[in-house]
A.B. asks: 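Quick one: structure below, then a few questions.
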Amino acid sequence: MKNKKIKLFLGAYINSTNAQNLNCLAIAKYIDKKQFEVKAMSLYSGNLLVSDIDGVDCIKVRKPHKLLKYWAYFLGLFWCDVAYLPKGEIVSWNSFWLSLFHKKSISTVEGILDDKNLESALQTHKNYKTFLRHYKKFDKLYSITSYLKAYNFKHHGIISEDKILYLGLDLVPFLNPEKRTNDLKNIVYIGRLLERKGVYDVLDAAKAFPKLQFHLVGDGQEREAIKKHITQQQLTNVKLHGVLDHTALSTLLKTMDLHLLPSRSEGFPKVTLETAAAGVPSIVYADYGAQEWIEHRHNGFVVETLEQMFQMIQELEENSELLQLNSKNTIALGKQFDWDIVIKQWEQEISNLYHS
């Protein structure tokens with residue numbers, strides 16, 4: 001008699017760009033279909049063309065989304081054995097049906113709940129207590145880094161499993177084992193064009209290093225203000241690329257030498273893994289525990305201040321051997337978080353919960 005496949009419901013819209021949606025899309029693609037049947041959701045207004053994935057069914061959520069999402073979640077929860085609900089969407093509704101149907105559930109904490117992130121999170125919850133209570137509604141709650149687990153417990157009393165469930169990288173579009181970096185010439189920033197993401201630190205770096213070329217990849221509500229700032233400061237060494245898909249970004253990274261991620265509030269920024277796979281090391285701030293996966297001066301650079309960032313850029317400009325060493329080592333870092341490897345941990349935890 002064949003072992004019964006575990007029915008896994010991924011509570012996210014896998015055809016729409018959003019961190020949780022994209023994580024669920026990756027899980028849907030990489031999870032072992034010999035062990036799991038998978039059902040997810042797709043949004044009528046989704047911006048991703050997601051072709052059929054073997055072993056994965058999609059519940060289509062049509063207009064009006066605010067109403068029909070309740071029906072979509074109901075169908076998924078009724079069908080599944082285990083639900084993965086990372087979005088914090090209609091929590092009370094989902095909790096009711098999970099309890100009524102005796103279904104098991106997991107979720108993840110994917111961000112450091114500092115003042116800025118907490119303010120954003122509270123917009124979808126009545127108050128702070130309600131917000132914290134929703135983390136207790138799952139059978140298993142996982143953090144995606146050790147630092148994040150410790151921070152959120154210390155500051156908010158959020159208890160997650162001892163096991164860390166890292167997120168993975170869709171390695172193939174970015175992997176560039178033939179990468180050969182010589183001298184530091186091109187520096188790239190990838191992310192939303194927002195002050196709180198540290199984009200102005202990149203512009204300050206461009207002003208400080210006029211011989212280097214700086215590339216901004218992404219968009220955001222502050223784009224026009226940033227363009228104005230570039231013009232006013234006469235930063236002729238800054239180029240805006242807009243949003244790039246994986247193919248275009250991979251092509252651009254072949255010409256990049258260094259990646260700057262100057263945000264001080266992150267969870268587990270996968271962009272550092274994407275650039276790593278392409279042989280482009282990152283300079284990041286230490287605020288969110290990046291030392292957990294980046295070894296300073298070996299496969300990337302972790303600094304405390306903008307001044308230290310400038311000092312690191314200057315050193316790399318003068319020491320091409322250090323840049324070359326980190327470029328070579330960073331490819332192994334990207335491979336370490338390949339979804340083909342990371343998904344095994346997810347499969348084990350979901351299976352353990354189902355059989356418990």
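Excluded from the calculations below are hydrogen atoms, water molecules and symmetry mates; all remaining heavy atoms, backbone and side chain alike, are included.
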A.B. asks: Return the minimal non-hydrogen interatomic distance between N21 and A12, and the atom names on each side.
C.D. replies: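 Looking at all heavy atoms of both residues, the closest pair is OD1-CB, 3.4 Å.
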A.B. asks: Please tabulate, for the side chains in residues 24-34, all donor-acceptor contacts under 3.5 angstrom to protein atoms that are two or more places apart in sequence or on a different chain.
C.D. replies:
| unit_1 | atom_1 | unit_2 | atom_2 | d |
| --- | --- | --- | --- | --- |
| K29 | NZ | D170 | OD2 | 3.0 |
| Y30 | OH | D170 | OD1 | 2.4 |
| D32 | OD1 | K34 | N | 2.9 |
| D32 | OD2 | Q35 | NE2 | 3.1 |
| K33 | NZ | A28 | O | 2.7 |
| K33 | NZ | K29 | O | 3.3 |
| K33 | NZ | I31 | O | 3.1 |

A.B. asks: Can you tell if the side chain of R297 reaches within under 4.5 Å of the side chain of M312, non-hydrogen atoms only?
C.D. replies: yes
A.B. asks: Holding to side-chain hydrogen bond (donor to acceptor under 3.5 Å, both in side chains), I want the full list of residues that pass it with K207, two or more places apart in sequence or in another chain.
C.D. replies: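 For K207 the side-chain hydrogen bond (donor to acceptor under 3.5 Å, both in side chains) partners, ignoring immediate neighbours, are Q233.
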A.B. asks: List the atom of Y73, the atom of I90, and the distance in Å for their closest heavy-atom pair.
C.D. replies: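 Heavy-atom minimum between the residues: CD1-CD1, 3.4 Å.
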A.B. asks: Is a donor on one side and an acceptor on the other found under 3.5 Å between the side chain of N299 and the backbone of I294?
C.D. replies: no
A.B. asks: State which residue, out of Q213, H215, K239, fulfils the side chain to side chain donor-acceptor pair (under 3.5 Å) condition with N186.
C.D. replies: H215
A.B. asks: What residues form a side chain to side chain contact (heavy atoms under 4.5 Å, CB included) with K328, not counting sequence neighbours?
C.D. replies: none
A.B. asks: So, F74 versus W71, ring centres under 6.0 angstrom or not?
C.D. replies: yes
A.B. asks: Using the side chain to side chain contact (heavy atoms under 4.5 Å, CB included) criterion, which residues pair with L325? Sequence neighbours excluded.
C.D. replies: N329
A.B. asks: Compare every heavy atom of K137 with every heavy atom of S105, then report the nearest pair and how far apart it is.
C.D. replies: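 Smallest interatomic distance, heavy atoms only, reads OG-O, 3.9 Å.
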A.B. asks: Thinking salt bridges, do E222 and K197 make one under a 4.0 Å N-O criterion?
C.D. replies: no
A.B. asks: Please indicate whether E315 has more than 12 foreign heavy atoms, meaning atoms of other residues, nucleotides or ligands, lying under 6.0 Å from its CD.
C.D. replies: yes
A.B. asks: Test your reading of the model: is there a side-chain donor-acceptor pair from S356 to the backbone of L353, 3.5 Å cut-off?
C.D. replies: yes
A.B. asks: Apply the test side chain to side chain contact (heavy atoms under 4.5 Å, CB included) to residues L216 and L203: give CA-CA distance (whole Å), side-chain angles for both, the deciding distance (0.1 Å), then the verdict.
C.D. replies: CA-CA 9 Å; L216 304 185; L203 300 181; 4.1 Å; yes
A.B. asks: Under the rule for ring-ring contact (aromatic ring centres under 6.0 Å, His included), what residues qualify as partners of Y128, not counting sequence neighbours?
C.D. replies: H156
A.B. asks: Measure from the ring center of W79 to the ring center of F9 and say whether it is less than 6.0 Å.
C.D. replies: no
A.B. asks: Could you tell me whether D54 atom CG has more than 12 heavy atoms of other residues or ligands within 6.0 Å of it?
C.D. replies: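 Atom CG in D54 is not crowded, with 12 or fewer foreign heavy atoms closer than 6.0 Å.
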A.B. asks: Taking distance alone, no hydrogens or angles, what donor-acceptor pairs closer than 3.5 Å link side-chain atoms of residues 333-341 to residues at least two apart or in another chain?
C.D. replies:
| unit_1 | atom_1 | unit_2 | atom_2 | d |
| --- | --- | --- | --- | --- |
| D338 | OD1 | D340 | N | 3.2 |
| W339 | NE1 | G168 | O | 3.2 |

A.B. asks: As a quick check of understanding, evaluate side chain to side chain contact (heavy atoms under 4.5 Å, CB included) for N94 and L85, giving each step before the final call.
C.D. replies: CA-CA 9 Å; N94 291 335; L85 304 174; 4.1 Å; yes
A.B. asks: Grab the two heavy atoms, one from P86 and one from Q20, that are nearest each other, plus how far apart they are.
C.D. replies: O-CG, 3.7 Å
A.B. asks: Determine, stepwise, if the pair L184 / F209 fulfils side chain to side chain contact (heavy atoms under 4.5 Å, CB included).
C.D. replies: CA-CA 11 Å; L184 180 60; F209 298 93; over 6 Å; no
A.B. asks: Any side-chain heavy-atom pair from K39 and I59 closer than 4.5 angstrom?
C.D. replies: yes
A.B. asks: Would the number of heavy atoms belonging to other residues, nucleotides or ligands and lying under 6.0 Å from CG of N47 be above 12?
C.D. replies: yes
A.B. asks: Within a 6.0 Å radius of atom NZ on K103, are there more than 12 heavy atoms belonging to other residues, nucleotides or ligands?
C.D. replies: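 Count over threshold, so yes.
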A.B. asks: Decide yes or no for L240 and L193: does some side-chain heavy atom of the first lie under 4.5 Å from some side-chain heavy atom of the second?
C.D. replies: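 Heavy-atom side-chain distance check passes, below 4.5 Å.
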A.B. asks: Does any pair with a residue in residues 244-258 pass side-chain hydrogen bond (donor to acceptor under 3.5 Å, both in side chains), and if so which ones, sequence neighbours excluded?
C.D. replies: none
A.B. asks: Mind checking what makes side chain to side chain contact (heavy atoms under 4.5 Å, CB included) contact with L244, not counting sequence neighbours?
C.D. replies: V217, H241, A248, L249, L252
A.B. asks: Mind checking what makes side chain to side chain contact (heavy atoms under 4.5 Å, CB included) contact with D81, not counting sequence neighbours?
C.D. replies: K4, I6, K7, Y354
A.B. asks: List, by chain and number, the other hydrophobic cluster members for I159, where Ile, Leu, Val, Met, Phe, Trp and Tyr join if side-chain heavy atoms come within less than 4.5 Å, directly or indirectly.
C.D. replies: F153
A.B. asks: Could you check, using the six-membered ring where one of them is a Trp, whether Y189 and F214 have ring centers closer than 6.0 angstrom?
C.D. replies: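 Here the rings of F214 and Y189 have centres that are no less than 6.0 Å from each other.
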A.B. asks: Kindly indicate whether the side chain of Y84, heavy atoms from C-beta on, has any atom under 4.5 Å from the side chain of I350.
C.D. replies: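 No; the side chains remain at least 4.5 Å from each other.
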A.B. asks: I'd like to know if the side chain of K140 and the backbone of E161 have a donor-acceptor N/O pair within less than 3.5 Å.
C.D. replies: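 Not confirmed, K140 side chain does not pair with E161 backbone.
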A.B. asks: Does any non-hydrogen side-chain atom of K163 lie less than 4.5 Å from one of Q345?
C.D. replies: yes
A.B. asks: Do T305 and E307 have side-chain atoms, one donor and one acceptor, less than 3.5 Å apart?
C.D. replies: no
A.B. asks: Quick check: does any side chain N or O of N326 sit under 3.5 Å from a backbone N or O of H298, one acting as donor and the other as acceptor?
C.D. replies: yes
A.B. asks: So, using side-chain hydrogen bond (donor to acceptor under 3.5 Å, both in side chains) as the criterion, who are the partners of Q308 when residues are at least two apart?
C.D. replies: none
A.B. asks: For E89 and Y13, test the side chains for any donor-to-acceptor distance below 3.5 angstrom and give the result as yes or no.
C.D. replies: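 Note: E89 and Y13 side chains meet the donor-acceptor criterion.
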A.B. asks: Tell me the closest heavy-atom pair linking T181 and S327, and the distance in Å.
C.D. replies: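 Minimum heavy-atom contact is OG1-OG, 3.2 Å.
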A.B. asks: Identify each donor-acceptor pair in which a side-chain atom of residues 267-293 lies under 3.5 Å from a protein atom, sequence neighbours left out, and give them as a table.
C.D. replies:
| unit_1 | atom_1 | unit_2 | atom_2 | d |
| --- | --- | --- | --- | --- |
| K270 | NZ | N23 | OD1 | 2.9 |
| T272 | OG1 | P269 | O | 2.7 |
| T272 | OG1 | W293 | NE1 | 3.3 |
| T275 | OG1 | V271 | O | 3.1 |
| T275 | OG1 | T272 | O | 3.3 |
| T275 | OG1 | V280 | O | 3.4 |
| T275 | OG1 | S282 | OG | 3.3 |
| S282 | OG | H259 | ND1 | 2.7 |
| Y285 | OH | D201 | OD2 | 2.8 |
| D287 | OD1 | R264 | NH1 | 2.8 |
| D287 | OD2 | R264 | NH1 | 3.3 |
| E292 | OE1 | S146 | N | 3.1 |
| E292 | OE1 | Y147 | N | 3.1 |
| E292 | OE2 | S146 | N | 2.8 |
| E292 | OE2 | S146 | OG | 3.4 |
| E292 | OE2 | Y166 | OH | 2.6 |

A.B. asks: Look up atom CG in N127 and atom CG in L132, then write down how far apart they are to the nearest 0.5 Å.
C.D. replies: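 The distance works out to 9.0 Å.
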A.B. asks: Quick one, W97 and F78 - any side-chain contact, counting heavy atoms below 4.5 Å?
C.D. replies: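 A side-chain contact under 4.5 Å is absent here.
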A.B. asks: Would you say the side chain of I106 lies within less than 4.5 Å of the side chain of E349, judging by non-hydrogen atoms?
C.D. replies: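 Of all side-chain heavy-atom pairs linking I106 with E349, none is under 4.5 Å.
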A.B. asks: What I'd like to find out is whether the side chain of L322 reaches to under 4.5 Å of the side chain of L316, using heavy atoms alone.
C.D. replies: yes
A.B. asks: Using every non-hydrogen atom in the two residues, find where I14 and C58 come nearest and quote the distance to one decimal.
C.D. replies: CD1-SG, 3.6 Å
A.B. asks: Salt bridge check: are K5 and E37 linked by an N-O gap of less than 4.0 Å?
C.D. replies: no
A.B. asks: Report the C-alpha separation of K87 and N18 in whole Å, then their side-chain angles, then the decisive distance to 0.1 Å, and conclude whether the side chain to side chain contact (heavy atoms under 4.5 Å, CB included) test is met.
C.D. replies: CA-CA 10 Å; K87 294 182 69 65; N18 163 278; 3.5 Å; yes
